[in-house]
Structure formats: C-alpha cells, structure tokens
Q: 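Take a look at the following structure, please.
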Number of protein chains: 2
Amino acid sequence: MIQSIDRAAKILGLLQGSRRMGITEMAAALDLPPSTVHGIVKSLQSHGLVAQQPSGNRYVLGPALLKLSSVYLDTLDVRARSMRWMHELSSRTGLASRLGVELFGEVIVIHHNRRPDGSEQMPETGVTIPSHASAMGKVLLAYDAAHAADVLSRPLIALTAETTTEPDRMREEFERIRQEALGFENEEAVIGEASVAAPICSDEGEVIAAIAVVLPATEWPPSDMVISDLREAARNVSRELGAPTWPRPIAAADPTDIQ
Amino acid sequence: MIQSIDRAAKILGLLQGSRRMGITEMAAALDLPPSTVHGIVKSLQSHGLVAQQPSGNRYVLGPALLKLSSVYLDTLDVRARSMRWMHELSSRTGLASRLGVELFGEVIVIHHNRRPDGSEQMPETGVTIPSHASAMGKVLLAYDAAHAADVLSRPLIALTAETTTEPDRMREEFERIRQEALGFENEEAVIGEASVAAPICSDEGEVIAAIAVVLPATEWPPSDMVISDLREAARNVSRELGAPTWPRPIAAADPTDIQ
DNA sequence: AAGGCGATTCGACAATGTCGAATCTAACAC
DNA sequence: GTGTTAGATTCGACATTGTCGAATCGCCTT
C-alpha cells in the first residue's frame with residue numbers, strides 16, 4: 001500500500017464528511033504536520049479532485065470527481081440493464097425504486113427512479129445507507145459471508161428505534177433472505193420509510209447488486225403485487241446479465257454464520 | 001507536486017477515458033513498469049476509487065467516486081441556489097436548462113433540468129463539453145482572462161462543421177459576451193442542438209458558473225422571451241449569492257486579449 | 001502598528017516508492 | 001492432459017521522493 005496515496009484518499013474522505021476544511025484542520029484530523037497535508041492537497045488540486053474556496057483558507061471536493069463518477073455510472077452494466085425494468089417497476093407499483101451496490105459496509109444508490117406521482121423528490125443516486133439498516137444492504141450482506149462477517153464484527157448502529165442491531169437476529173434475517181430472495185426493512189433507516197429488496201445476480205451467479213422499492217411505512221407490509229413485480233424485475237435484470245438462475249440457489253449461498 | 005499522487009490521478013483519468021483497462025495496458029499508456037502501476041492501483045482499490053472486474057484482469061472506476069461526487073454537488077452553494085430558478089426557467093420556456101462550471105478547458109454540467117414535455121431524456125449532470133464549443137463555456141472563458149489565454153494557446157477542436165476554432169473570432173465573441181452578458185452556440189457541439197447562456201456572479205463579483213437553456217437548432221434564434229427569462233434567472237441566482245451587481249460591469253471584466 | 005493564526009515555501013534527510021526479476025494464474029492451442 | 005503465452009502479482013534492494021521542521025507570508029483582529 002502506498003502511504004501517500006492512502007493519505008490523499010483520507011483527505012478526500014475528510015472533505016466528504018466535513019465538506020469544507022482548512023489545512024490545519026485536516027492536519028489535526030489526520031495527525032500529520034500541516035506542510036505534509038498542504039503538499040498532498042496541492043497535488044489533488046492540480047487534478048481538480050479538490051478545490052480551494054475563493055476566500056483562500058478552506059478546501060472542498062473538486063469537479064473532477066463529478067466527471068469520474070459520471071463515467072463510473074456509465075461503466076456499470078448492471079445499471080444500464082436495470083434502468084428500463086426499474087422504470088417499469090415504478091410505473092406498475094407507483095413506488096420509487098432504487099438500485100444499490102456495496103461500499104464499505106454501506107449500500108450506495110447507483111440508480112433511482114422517482115415515485116411516479118409528479119411530486120418533487122430529491123435524486124438519490126450517490127446516497128449511502130448503512131447496509132444493516134437497509135433492505136438492499138441486508139440482501140447484499142446475506143449473499144456475501146466475508147462482508148457480513150466484517151460488518152457484524154463491529155457494533156451495529158441504530159438509526160431509528162426500529163433498527164436491528166443484534167448480530168444473531170441479523171444472521172437469522174440473512175437466512176430468511178436467502179430462502180425467499182427478499183429483504184425487508186420497515187423504518188430501520190428513516191422514520192416513515194420502508195423498503196423491500198431483491199438480489200441481482202451476475203453471469204457468474206454472484207449477487208452483485210440489489211434492487212428495491214420504497215414505500216411509506218403507512219403502506220406496510222408491501223402487497224403481493226408489489227413483491228411479485230419486484231421479483232420479476234430482479235429476475236429480468238439478472239437474466240439480461242447472463243445469470244444462470246434466479247434466485248441464486250440456497251446451497252450456493254455462503255452461510256454468514258462463519259465466526 | 002507529489003509524483004505518486006499525480007500518477008494515481010492519471011490512472012483514474014485513464015479509466016475515465018477507457019472505462020476498463022488491465023495493468024499492463026495502463027502501464028504502457030503511462031510509460032511505467034507494470035509493478036509500479038499495480039501498486040498504485042491496489043492503493044486506489046483499497047479506498048474504493050478503483051475496482052477489479054470479477055474476471056480479474058481488468059480494472060474500472062469504483063463506487064467511492066459516486067459518493068465523493070454526491071458530496072461535491074451538495075457542497076455547491078451555486079447549485080443549491082440555482083435549482084429552483086432553473087425549474088422555473090424550464091417551466092416558463094419549455095426548454096431544458098443547465099448549470100455549468102469550468103474543468104480543465106471544458107464546462108461540466110452540475111445541474112440539469114429536463115425539458116418539461118414528459119419525453120425521456122438522459123440526465124446530463126456530470127457531462128462535459130469543450131468550453132469553446134458551448135454557450136456556457138464561452139461565457140466562463142469570456143470572464144476569465146487567464147483561462148481563456150490557456151484555452152486559446154492550444155488548437156481548438158471542431159466538434160461539428162459549425163464549431164468556431166479561430167482564436168481571433170473567439171476573442172471577438174468574448175467581447176460581445178461581456179457586453180451583452182450572453183453567450184450563444186448553434187450546433188457547435190452537437191448537430192441539431194443550440195444553447196444560450198448567461199453568467200452567474202459570486203458575492204465577490206466573479207463569474208463562477210454559467211446557466212443555459214438548450215433548444216433545438218430548428219428553433220434558433222431564441223426568442224426575446226427566452227432570453228429575458230434566462231437573464232432573469234441568472235440575475236436572481238447571482239443576487240442570492242450576494243453578487244453586488246448583475247451583469248458584472250464590463251470595466252471589471254478582464255480582457256482576454258492578453259497575449 | 002502589532003500580534004495571532006493559518007497557509008505556504010523551502011530544503012535536508014530519512015523513509016518510502018520504484019521497479020527489475022521472479023513467480024503465479026488463467027486462457028488457449030495442440 | 002500438457003505446454004505455451006500473456007498478464008497479474010509479489011518481493012526486496014536501492015535510489016528517489018515524500019516528509020516535515022523551520023521560516024516566511026498573508027490576512028484578520030485588536
């Protein structure tokens with residue numbers, strides 16, 4: 001591992017968390033001398049990854065990141081193939097839909113279809129949610145033993161009073177997810193919001209993404225029709241990706257109770 | 001400048017351009033030994049900035065970039081303040097609208113309002129266009145002498161038969177842009193597409209972004225109503241940002257004819 | 001005008017990044 | 001099934017670079 005690249009990435013991570021920071025502030029956060037941080041920041045700045053605010057004493061993330069992430073999204077075969085099915089899923093169910101992949105114990109939304117009721121909604125692409133508190137995240141954890149072991153090795157944070165935080169209950173939930181190829185979450189991440197998710201399988205049979213519909217907690221549980229449409233969308237996307245089967249066979253699923 | 005961070009950024013740039021590349025291919029492109037590239041890529045991968053494809057021999061940009069760019073967009077005060085006015089601009093004119101900032105001789109779209117006709121349109125946030133071939137880009141160049149000098153010091157590339165590529169004509173156009181606080185482009189970037197842009201000023205009176213409406217070339221030139229609405233939106237956003245005046249006084253504009 | 005704080009610059013030197021050689025892995029041809 | 005090829009990956013010697021302390025600069029406050 002190259003230390004200076006590691007440091008540079010940590011600086012990006014700091015600016016991601018705190019939005020605007022000065023050199024001395026970043027140095028304190030990373031326990032490094034200001035001149036060291038200054039050199040790294042100037043290098044990042046020369047590539048547009050970081051920018052200095054006009055007032056001159058604080059730094060922010062830079063526009064080059066937007067271009068890189070635009071290409072990242074374009075690269076995603078799973079996203080390209082999901083968009084049409086998600087559009088249809090939202091049209092049929094009247095609900096918002098999300099596609100997510102794993103990122104360091106969280107699930108990040110790589111595609112979002114708004115609820116088709118004409119109301120004003122925030123675009124969610126780029127939003128992250130802790131995996132343990134999200135239907136998509138639970139699905140991704142259920143089919144990835146190593147990832148689950150890692151996440152469950154640290155205390156699970158409660159985002160609401162409903163968030164499941166006991167590892168044993170999570171493992172039971174993973175077992176059920178693998179049996180039904182469905183993950184559920186009711187007000188575990190956001191009060192008033194629930195979601196149900198299904199796995200997306202690749203041509204190698206691996207679960208590489210999860211697709212979800214989002215519904216108001218007042219409409220919980222999701223109707224049979226919503227669940228049927230969700231499974232249909234997941235199956236269709238997986239098939240387009242060349243998955244041999246959907247859902248992935250239980251025997252092929254790695255159990256998450258490896259200690 | 002830190003060489004290893006520079007190299008890491010170049011690797012991200014390669015993957016941005018070529019989408020998927022192997023270690024040996026990147027090494028050839030950068031004129032570096034494969035083991036050097038491998039070390040850098042593994043560092044980037046550990047932070048989610050790069051990912052290895054399941055087949056194992058090619059690399060792509062990683063999901064952490066999406067999260068970073070999501071925060072980048074959230075950080076942008078100019079974007080937050082423009083969204084409502086752009087929504088109104090698109091509603092009143094029936095045209096798509098874009099907000100852009102400068103990135104290495106290009107203009108990158110940081111907010112996009114679709115044309116409100118219900119048709120299916122690609123989201124454009126993250127898209128880049130060479131500044132010289134874009135109304136927004138020309139506006140940004142017109143108010144930034146150093147940037148303009150840099151762009152005009154290299155040959156301008158024609159994207160269509162209509163693209164202006166002569167530096168003297170560009171300078172004349174910049175002069176006119178500063179006088180009218182408006183930039184125009186008809187089929188210079190994309191056949192069939194035209195745009196008109198206005199500058200967005202900061203509280204320090206600097207032009208920090210440009211706002212544009214996009215119209216079909218068949219509707220060229222834009223009507224007086226469209227131009228009026230665009231200026232109104234630009235003035236309103238600038239005012240919200242604390243700009244002392246709009247448009248920025250001509251005397252304060254740095255001439256771009258510095259050789 | 002002086003003081004304080006943070007950004008920035010500079011250059012000596014220690015630590016790290018580089019990269020050649022070797023090994024590993026997977027795909028392909030026979 | 002075996003051998004070949006090409007690319008990924010690992011390892012460690014060593015030269016180059018990144019680090020960082022000291023000094024300076026710039027801006028804001030008093």
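All figures in this text were calculated on a predicted structure; none of them were measured in a lab. Below, read A as the first sequence line, B as the second, and so on, with proteins coming before strands; counting in each chain starts at 1.
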Q: Between C1' on D/dC27 and CD on B/E204, what's the gap in Å once rounded to a whole number?
A: 14 Å

Q: For the backbone of B/G105 and the side chain of B/E102, can you confirm whether one donor and one acceptor N or O come within less than 3.5 Å of each other?
A: yes

Q: Nearest whole angstrom, please: distance from the C1' of D/dG21 to the CG of A/L32.
A: 14 Å

Q: Report each atom pair, protein N/O against N/O of nucleotides 6-10 of chain C, whose distance is under 3.5 angstrom.
A:
from  : atom 1 : to    : atom 2 : distance (Å)
C/dA7 : OP1    : A/I23 : N      : 2.6
C/dA7 : OP1    : A/N57 : O      : 3.3
C/dA7 : OP2    : A/T24 : N      : 2.6
C/dA7 : OP2    : A/T24 : OG1    : 2.2
C/dT8 : OP1    : A/Q52 : NE2    : 2.8
C/dT8 : OP1    : A/Y59 : OH     : 3.4
C/dT8 : OP2    : A/H38 : NE2    : 2.7
C/dT8 : OP2    : A/Y59 : OH     : 2.5
C/dT8 : O5'    : A/H38 : NE2    : 2.8

Q: Rounded to whole angstrom units, what separation is found between the CE atom of A/M1 and the P atom of D/dT9?
A: 13 Å

Q: How large an angle, rounded to 10°, do the end axes of the helix from C/dA1-D/dT30 to C/dC30-D/dG1 enclose when each is built from five base pairs?
A: 50°

Q: Does any N or O in the side chain of B/S153 come within less than 3.5 Å of the main-chain N or O of B/D150, such that one atom is a donor and the other an acceptor?
A: yes

Q: Could you tell me whether the side chain of A/S134 and the main chain of A/P130 form a donor-acceptor pair under 3.5 Å?
A: no

Q: How many Å lie between CD1 on B/I2 and P on C/dA15, as a whole number?
A: 17 Å

Q: Give a yes/no answer on whether the side chain of B/R7 brings an N or O atom under 4.0 Å of OP1 or OP2 in C/dT18.
A: yes

Q: In whole Å, what is the span from the CE atom of B/M26 to the C1' atom of D/dG7?
A: 12 Å

Q: Identify the two heavy atoms, one from B/G100 and one from B/L140, that lie closest to each other, and give their separation to 0.1 Å.
A: O-CD1, 4.1 Å

Q: Take the protein atom CD of B/Q53 and the nucleotide atom P of D/dA8, then report the distance between them rounded to whole Å.
A: 12 Å

Q: If I take atom CD1 in residue B/I40 and atom P in nucleotide D/dT9, what distance separates them, rounded to the nearest angstrom?
A: 14 Å

Q: Do A/L152 and A/M170 touch side chain to side chain, with heavy atoms closer than 4.5 Å?
A: yes

Q: So which heavy atom on A/P199 is nearest to which on A/W246, and how close?
A: O-NE1, 2.7 Å

Q: If the cut-off is 4.0 Å, is A/S4 near the phosphate of D/dG18, judged by side-chain N/O to OP1 or OP2?
A: no

Q: Regarding A/W85 and A/E232, do their side chains bring together a donor and an acceptor under 3.5 Å, going by distance alone?
A: no

Q: Could you report the tightest heavy-atom contact between A/V37 and A/I23, atom names first, then the distance?
A: CG1-O, 4.0 Å

Q: Between B/R58 and B/E25, is the closest basic N to carboxylate O distance under 4.0 Å?
A: no

Q: May I have the distance from B/I5 (atom CD1) to C/dT18 (atom C1'), rounded to whole angstrom?
A: 16 Å

